[in-house]
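Working notes for the structure below.
Since the structure is predicted, the reported quantities are computational estimates derived from the model, not experimental observations.
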2 protein chains.
Amino acid sequence: MTTTPDPTTRLAESGARVTGPRRTILDAVDGLGGPFTVEELCAAAPSVGRATVFRTVKLLQETGAVCRLVLEDGSVRYQRSEGGHHHHRVCSECGRVQEFADAELDRLIHANAEVAGFELDGHSLELYGRCRRCA
Amino acid sequence: MTTTPDPTTRLAESGARVTGPRRTILDAVDGLGGPFTVEELCAAAPSVGRATVFRTVKLLQETGAVCRLVLEDGSVRYQRSEGGHHHHRVCSECGRVQEFADAELDRLIHANAEVAGFELDGHSLELYGRCRRCA
DNA sequence: CTAGATGCAAACGGTTTGCAACTAT
DNA sequence: ATAGTTGCAAACCGTTTGCATCTAG
């Protein structure tokens with residue numbers, strides 16, 4: 001199976017420094033567990049400046065440790081990620097978000113693009129509803 | 001086939017008034033043709049106040065005459081829509097966006113949710129790449 | 001006639017930036 | 001030693017709001 005280096009390792013490997021504030025933010029992300037706004041992350045890591053939180057979230061997105069997700073109403077949240085290509089199931093009840101991959105779905109998406117003569121670079125798919133626990 | 005009332009009719013049917021500014025905005029939307037930002041729409045309808053443009057875009061979204069779309073980089077644009085459930089193929093080259101529906105894909109998405117015990121309310125799917133003309 | 005719509009300008013919330021001080025490597 | 005990182009505050013940008021005026025129905 002694919003190795004999923006921990007966020008700190010990812011940072012180092014991407015050439016970024018592993019600093020105090022960044023560790024603090026990574027801990028806060030783990031602590032939050034679920035999807036979070038930058039605002040919430042700031043609250044969870046009060047010792048770190050706002051600008052640094054924004055900069056770090058962007059950095060973590062680039063390294064794949066965190067992924068951006070767009071809720072049904074268009075608002076933006078982030079969440080700890082295993083990285084790689086995946087989609088989301090967003091629960092409108094508890095707010096939790098499941099990552100999932102579905103090769104069959106991806107295949108069909110590629111087929112759809114092909115038929116339309118569309119040269120596919122990427123795609124995003126988000127499911128909205130209630131998770132097993134909340135349904 | 002499904003009747004797709006023109007935007008003006010939609011407005012009237014939804015109980016909203018058909019006013020001068022709203023007509024101006026609808027014309028501007030048609031004039032722009034492709035996806036647009038509110039900023040661009042303001043420029044295309046300079047006689048209408050900014051706030052009204054925002055309010056009207058929201059209104060048009062609600063009536064389904066216009067749909068919101070999220071680009072790969074997370075930025076938001078709007079575009080004239082036929083309404084109803086559909087997905088998008090976004091061309092990164094020319095910026096054009098094709099609406100499409102794909103029953104087979106929708107079926108698979110529902111199946112995916114079902115297997116996961118997820119009670120699906122809705123979903124969004126956006127394809128990114130280059131359209132036939134640009135590829 | 002009157003509820004709904006408009007324009008303006010001010011307020012807003014989230015995000016970015018310039019810069020001088022700091023620190024991981 | 002030095003390029004990368006941080007904190008702060010100010011700037012920014014897209015969007016919303018309060019309010020007095022106007023107008024479609």
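- One interatomic measurement links the two molecules: CG of A/Leu11 to P of D/dT5, which rounds to 9 Å at whole-angstrom precision.
- Each of B/Gly20 and A/Gly20 has a nearest nucleotide on DNA chain D; the 5'-most of these lies closest to A/Gly20.
- Side-chain atoms of A/Arg17 lie closest to C/dA24 of the nucleotides D/dG7, C/dA24, C/dA3.
- In A/Gln61, the CD atom is crowded: over 12 heavy atoms of neighbouring residues, nucleotides or ligands sit closer than 6.0 Å.
- Rounded to whole Å, atom P of C/dG14 lies 14 Å from atom CG of A/Leu41.
- A/Glu62 and A/Arg10 are not joined by a salt bridge, as no carboxylate oxygen comes within less than 4.0 angstrom of a charged side-chain nitrogen.
- Of the residues near DNA chain C, A/Tyr78 and A/Ala12, the one whose nearest nucleotide (by heavy atom distance) lies more toward the 5' end is A/Tyr78.
- Checked against the 6.0 Å centroid criterion, the rings of B/His87 and A/His123 do not qualify as a close aromatic pair.
- The only option from B/Arg89, B/His86, B/Arg132 that meets the side chain to side chain donor-acceptor pair (under 3.5 Å) definition with B/Gln98 turns out to be B/Arg89.
- Other residues, nucleotides and ligands contribute more than 12 heavy atoms inside 6.0 Å of the CZ atom of A/Arg130.
- A 6.0 Å sphere centred on CZ of B/Arg96 holds no more than 12 heavy atoms belonging to other residues, nucleotides or ligands.
- Of all heavy-atom pairs between A/Val66 and A/Phe36, the closest is CG2-CZ, 4.4 Å.
- Between the CD atom of A/Glu40 and the C1' atom of C/dG14 there is a distance of 13 Å, given to the nearest Å.
- Counting any heavy atom pair closer than 4.0 Å across all strands shown, B/Thr24 reaches no nucleic acid atom.
- Distances were taken from every side-chain heavy atom of B/Arg22 (C-beta onward) to each of C/dT6, C/dT25, C/dG7; the shortest belongs to C/dT6.
- Looking at heavy-atom distances under 4.0 Å, A/Val48 makes contact with sugar-phosphate atoms alone, never a base.
- Between the P atom of D/dG25 and the CD atom of B/Glu13 lies a distance of 14 Å, rounded to the nearest Å.
- Residues from residues 49-75 of chain A placing a heavy atom under 4.0 Å of any atom in DNA chain C, listed by number, are A/Arg50, A/Ala51, A/Phe54, A/Arg55, A/Lys58.
- Using a 4.0 Å heavy-atom cutoff across all strands shown, A/Val76 reaches no nucleic acid atom at all.
- Distances shorter than 4.0 Å separate some side-chain N or O of A/Thr19 from OP1 or OP2 on D/dT6.
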